[in-house]
There are 2 protein chains.
Amino acid sequence: MKQLKIFLADDHLLIREGLKKILAAEKEFIVVGESGHPDDVIDYFNKEGADILILDLNMPGRSGLDVLKHVKRIKPETKILVLSMYPEDQFAERTIKAGASGYITKESASEELMKALHKIAKGGNYVSNSLAEKLLFKKKIVSDQKPHEVLSDRELQIMILLAQGKTQVEISDELSLSTSTINTYRSRILEKLNLKSNAEIIRYAIQNKLI
Amino acid sequence: MKQLKIFLADDHLLIREGLKKILAAEKEFIVVGESGHPDDVIDYFNKEGADILILDLNMPGRSGLDVLKHVKRIKPETKILVLSMYPEDQFAERTIKAGASGYITKESASEELMKALHKIAKGGNYVSNSLAEKLLFKKKIVSDQKPHEVLSDRELQIMILLAQGKTQVEISDELSLSTSTINTYRSRILEKLNLKSNAEIIRYAIQNKLI
DNA sequence: TTTCATTGTAGTATTTTTACGACAGGAGAT
DNA sequence: ATCTCCTGTCGTAAAAATACTACAATGAAA
């Protein structure tokens, strides 16, 4: 049987090690690389590539979503399983739209991880039942859309960084953008969400469990 | 050799499973229980108890710190190793004060986890080198009073206004003081509470129900 | 009683943030 | 095809925040 090459992207070493041990139980999977840095992930996929990328969304700097899109662009055949800390509904939809094959949270059991992996290995998609329900339900009831869902990906990314208390300068460095650019995103976020200051951004983010 | 009973408290199942696999490598340790819910942890220690509690601070509801104190009260002989997502030295200090025997982050390697476990199993304490340094440089804060209780009245007043998102200019107008004055209070607040930005002030204030 | 930390207050010099305007590329609508 | 909105990007000028330094009054400690 051909082994499937898996790359682990998660910024917590302890978690990567745990995942490796879990994956080691099945001979079908072999971990060929791992890293906690977005850039490493991109580097690796530029050069080597793997069958499956297990990707944590919460890496520092460049957002997980960015990495996802990048990998999908340079190696479209890569299957990506997103592993997030956040309760499903916040990000799941965006990641699926961006090309992920599956989305599970760190609250999942390892059986669920395996199920998801097997499914996407065969070319399928995997989302938890509860998430699937929510997504279906949402199509119909547009009304209870959270305000921040109208933000573009970039805007949401900036919003979260701002909410974490990063300064514009830090963010612009991290993303290699001009501070003006960050500032423009900020303005748009304030406008779209009808907020007035970073303080309100933080409170909004805390209330909506974005951070 | 007597095995040491370990209880795992972390709200991410996947992480608990990873930890179990890692711990399984050493016969000295045996995982006797696990849970992602603070209340379960407390229940367990009310009834059974274990030698070591590996505790994630970021559990939902009742804070990890709460759990820590509770367990220490009902079973003071329990050794507690705190496993946090946050690099924040802020938390570290409080957890140690609250009775934890060690503090490591999820960025640690599993070797570090083992080192920490062995050390505290023998009755020692473990903090990472970098953290130890930081703690040395910091001045002592008295017992278990809330950090913000060391603020002077004026400082607390300013802190609350800042936490509400008021700008220095607004505050100085409101109080008929120079913005410089407000700024000085702010600096002192940051120093006393060991915070670094307004964002942290806001989070601190929300967490401590100051606003 | 001298010393020393704490508090309330402010000025100055830099950095940062902010408001605003600008522009190009893509997607949808007409 | 053309128009228009949205997105991603940036620059500039003005406003605000920040890091320092400073100093007097109070009060506690030695």
Side-chain angles (χ1 to χ4, degrees), chain A residues 61-63 65-70 72-73 93-94 97-99 142 145 147-202 205, chain B residues 137-142 145 147-203 205:
Chain A
R62 184 164 212 161
S63 85
L65 211 50
D66 237 23
V67 175
L68 204 172
K69 286 180 188 160
H70 201 100
K72 263 297 178 186
R73 211 178 60 237
E93 199 170 346
R94 276 169 208 271
K97 287 217 178 85
V142 194
Q145 198 187 23
H148 61 269
E149 285 170 13
V150 308
L151 298 180
S152 72
D153 290 349
R154 207 51 153 170
E155 285 162 355
L156 182 61
Q157 179 190 14
I158 303 298
M159 165 154 182
I160 289 173
L161 294 171
L162 284 172
Q164 286 169 348
K166 307 221 168 153
T167 69
Q168 299 190 167
V169 173
E170 284 168 346
I171 297 174
S172 66
D173 281 356
E174 227 173 274
L175 304 181
S176 305
L177 289 174
S178 151
T179 58
S180 321
T181 305
I182 307 304
N183 191 234
T184 302
Y185 288 131
R186 176 177 174 276
S187 307
R188 289 178 185 162
I189 292 163
L190 293 182
E191 206 199 334
K192 285 187 180 180
L193 302 191
N194 202 25
L195 303 173
K196 278 176 224 66
S197 63
N198 281 13
E200 294 189 2
I201 289 183
I202 294 173
Chain B
F137 281 115
K138 263 213 48 193
K139 36 221 114 188
K140 62 288 138 193
I141 292 176
V142 224
Q145 77 181 303
H148 61 268
E149 285 167 15
V150 309
L151 297 182
S152 72
D153 292 347
R154 208 50 154 169
E155 285 163 355
L156 184 60
Q157 179 189 15
I158 303 297
M159 164 152 181
I160 289 173
L161 294 171
L162 284 172
Q164 286 167 349
K166 307 221 170 155
T167 68
Q168 299 189 166
V169 174
E170 284 167 347
I171 297 174
S172 66
D173 281 357
E174 212 173 294
L175 304 182
S176 304
L177 290 173
S178 151
T179 58
S180 319
T181 306
I182 307 304
N183 190 236
T184 301
Y185 288 132
R186 175 178 175 276
S187 305
R188 290 177 185 163
I189 292 163
L190 293 183
E191 204 200 336
K192 286 187 178 178
L193 303 192
N194 200 26
L195 302 174
K196 279 178 227 67
S197 64
N198 282 11
E200 294 189 1
I201 289 182
I202 294 174
R203 256 190 279 174

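Chain letters run A, B, ... following the sequence lines, proteins first and then strands; every chain starts at 1.
In terms of modelled atom types and a separation under 3.5 Å, the side chain of B/Glu155 and the main chain of B/Ser152 share a donor-acceptor contact. Side-chain atoms of A/Glu200 come within 3.5 Å of backbone atoms of A/Lys196 as a donor-acceptor pair (strictly under, hydrogens ignored).
Look at OH on A/Tyr185: it is 17 Å from P on C/dT17, rounded to the nearest Å. Rounded to whole Å, atom P of C/dT18 lies 12 Å from atom CD of A/Glu200. Counting to the nearest Å, the C1' atom of D/dG8 and the CD atom of A/Gln157 are 12 Å from each other. If you measure from atom CD1 of A/Ile189 to atom C1' of C/dA19, you get 16 Å, rounded to the nearest angstrom. B/Leu151 places its CG atom 13 Å from the C1' atom of C/dT6, with the value rounded to the nearest Å. Going from atom CG of A/Asn198 over to atom P of D/dA16 covers 15 Å, rounded to whole Å. Regarding A/Asp153, its CG atom lies at a distance of 16 Å from the C1' atom of D/dT9, rounded to whole Å. Atom P of nucleotide C/dT18 and atom CD of A/Gln168 are separated by 5 Å, given to the nearest angstrom.
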Taking N or O atoms only and anything under 3.5 Å, show me the protein contacts with nucleotides 19-28 of chain D, one pair per line.
unit_1	atom_1	unit_2	atom_2	d
D/dA19	N7	B/Asn183	OD1	3.0

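Proximity of B/Ser152 to the phosphate of C/dT6: no side-chain N or O atom is located under 4.0 Å from OP1 or OP2. Contact check, B/Thr179 against D/dA16: no side-chain N or O comes under 4.0 Å of OP1 or OP2.
In this structure, of D/dA16, C/dA10, D/dT9, it is D/dT9 that holds the atom nearest to the side chain of A/Arg154. Among the nucleotides C/dT7, C/dT17, D/dG8, the one closest to the side chain of B/Glu155 is C/dT7.
Across all strands shown, B/Thr167 has heavy atoms under 4.0 Å from sugar-phosphate atoms exclusively, and none from any base. Counting non-hydrogen atoms under 4.0 angstrom, B/Thr181 reaches a base of the nucleic acid.
B/Gln157 contributes atom CD, which lies 8.5 Å from atom OH of B/Tyr185 (distance to the nearest 0.5 angstrom). Atom CG in A/Leu177 sits 12.0 Å away from atom CD in A/Gln168 (nearest 0.5 Å). Rounded to the nearest 0.5 Å, atoms CG (B/Asn198) and OG (A/Ser197) are 10.0 Å apart. Separation of atoms OG1 (A/Thr181) and CD1 (A/Ile158) is listed at 9.0 Å; rounding is to 0.5 Å. Atom CD1 in A/Ile201 sits 12.0 Å away from atom CD in A/Gln164 (nearest 0.5 Å).
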